[in-house]
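Residue numbers begin at 1 in each chain, while the letters A, B, ... track the order of the sequences. Every heavy atom of this structure was used, including side-chain atoms; hydrogens, water molecules and symmetry mates were not.
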Number of protein chains: 2
Amino acid sequence: MKNEIANEYINLIPNLFSSFSELNKNSVALTHIQSHVIEFVYMQKRALNLKEISSGLEIAKQQLTNIIADLEVRGYLVKAPDTKDKRAVLVSLTPKGEEIEREKWAEIYGRFSKSLDRLNDEEKVDLNFALHKVNVLLKKMEE
Amino acid sequence: MKNEIANEYINLIPNLFSSFSELNKNSVALTHIQSHVIEFVYMQKRALNLKEISSGLEIAKQQLTNIIADLEVRGYLVKAPDTKDKRAVLVSLTPKGEEIEREKWAEIYGRFSKSLDRLNDEEKVDLNFALHKVNVLLKKMEE
DNA sequence: GTATTTAGTAATAATTTTATTACTAATATT
DNA sequence: AATATTAGTAATAAAATTATTACTAAATAC
């Protein structure tokens, strides 16, 4: 049973991959790595310190000093001291930074809505229910 | 209804994002861009020409000439002339190239199986059913 | 059938990313 | 309390990526 579920999960990822590829598309002038940083912070939905970004994206923390500084100057993110760990700095997106991501998602959203037409009404109800269930349960598993 | 489904879909992506991040982890010595190329070809599950990879990853086709050549020399992929379009070249992964991806997926699989324990039996059944449904319907939508 | 567009290759310079070493200040270990 | 580890910064050289221009051969448009 457990294996069966894990296999379904693994299959899910390529099914979503086309949407993920969409995330490469940049409207503003960001380098690939800058995009990834913004995307990473956005996806985590919380402020992150440099170490977390560094290990999450497999890039050296020394690089991040510059990358973050540039993104901060350009108004995409802000740094704030971590009160829990006084060595650390917490990075979060500004509204301007979040806007970049939202634009990408709007396109994904649009494309998806369009291909929904290929399903009949019963299938749409099923998909809605199944997606909701998956989201609820995956979230529970994270806790 | 359509909006409701699209929203569930959009929510799904961040729920899978932690798994996607895992895909950054390289066991062999590949540059980030080389990894992305291999991952992209793997995800599409078919041979691709350079243009498709180029536009899918938002990198110039001129770059790919070198990247692909290097990956070919190192045995991760092969090029074959496209019989349909004699200008084009079709790139596909060798067993060695596929192995790189499979290793990453094995880890994702393992992690997922572990966190499955946080669900009770009924939830597991539900998740299995829902994931299966989502996969079937998403695939149908692609057609 | 000629003109235009497209897929791929090639070479170069500019920019970005990576790797290395070193340092400060705060935290964790003992 | 001394010691080791960790988060972040900084500077530099090496390597990888990006941008630009130009070219060939095949496909497409007219």
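Within the 3.5 Å criterion, the main-chain N or O of A:E98 finds no donor-acceptor partner in the side chain of A:E101.
Applying the salt bridge (charged side-chain N to carboxylate O under 4.0 Å, His left out) test to every pair with at least one member in residues 5-18 of chain A, sequence neighbours left out, gives no pairs at all. The salt bridge (charged side-chain N to carboxylate O under 4.0 Å, His left out) pairs that include a residue from residues 62-83 of chain A are A:D70-A:R74, where partners are two or more places apart or lie in different chains.
Counting to the nearest Å, the C1' atom of C:dT16 and the NE2 atom of A:H36 are 14 Å from each other. When rounded to the nearest whole Å, the span between CG of A:D70 and P of C:dT15 equals 14 Å. Atoms CG (A:L90) and C1' (D:dG8) sit 12 Å apart, rounded to a whole Å.
Between B:L48 and B:V41, the shortest heavy-atom contact is CD1-CA, 4.0 Å. A:W105 approaches B:P14 most closely through the heavy-atom pair CH2-CD, 4.0 Å.
Evaluation of the side-chain contact (heavy atoms from CB on, under 4.5 Å) rule for B:A69 yields no partner, not counting sequence neighbours. The salt bridge (Lys or Arg N to Asp or Glu O under 4.0 Å) check on B:E4 picks up nothing, with sequence neighbours excluded. For B:V78, the side-chain contact (heavy atoms from CB on, under 4.5 Å) test picks out B:S92, B:T94, with sequence neighbours left out. The ring pair (Phe, Tyr, Trp, His ring centres under 6.0 Å) test applied to B:H36 returns A:H36, not counting sequence neighbours. Remark: A:Y9 pairs with B:F112 by the ring pair (Phe, Tyr, Trp, His ring centres under 6.0 Å) rule, at least two apart or across chains. Evaluation of the salt bridge (Lys or Arg N to Asp or Glu O under 4.0 Å) rule for B:R118 yields no partner, not counting sequence neighbours.
Residue B:K61 places none of its side-chain N or O atoms closer than 4.0 Å to OP1 or OP2 of D:dT21.
Rounded to 10°, the angle separating the first-five-pair axis and the last-five-pair axis of the helix from C:dG1-D:dC30 to C:dT30-D:dA1 equals 60°.
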Seminar exercise, completed: Scoring nucleotides 12-20 of chain D by protein non-hydrogen atoms under 4.0 Å (B base, S sugar-phosphate only, - none) yields ----SSB-B
Exercise. How does protein reach along nucleotides 24-30 of chain D, written 5' to 3' as B (base within reach of a heavy atom under 4.0 Å), S (only sugar-phosphate), or - (no contact)?
Worked result: --BS---
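In B:K96, the NZ atom is crowded: over 12 heavy atoms of neighbouring residues, nucleotides or ligands sit closer than 6.0 Å. Shown here is A:K86, whose NZ atom has no more than 12 heavy atoms of other residues, nucleotides or ligands within 6.0 Å.
At a non-hydrogen distance threshold of 4.0 Å, nothing from residues 46-53 of chain A comes into contact with DNA chain C.
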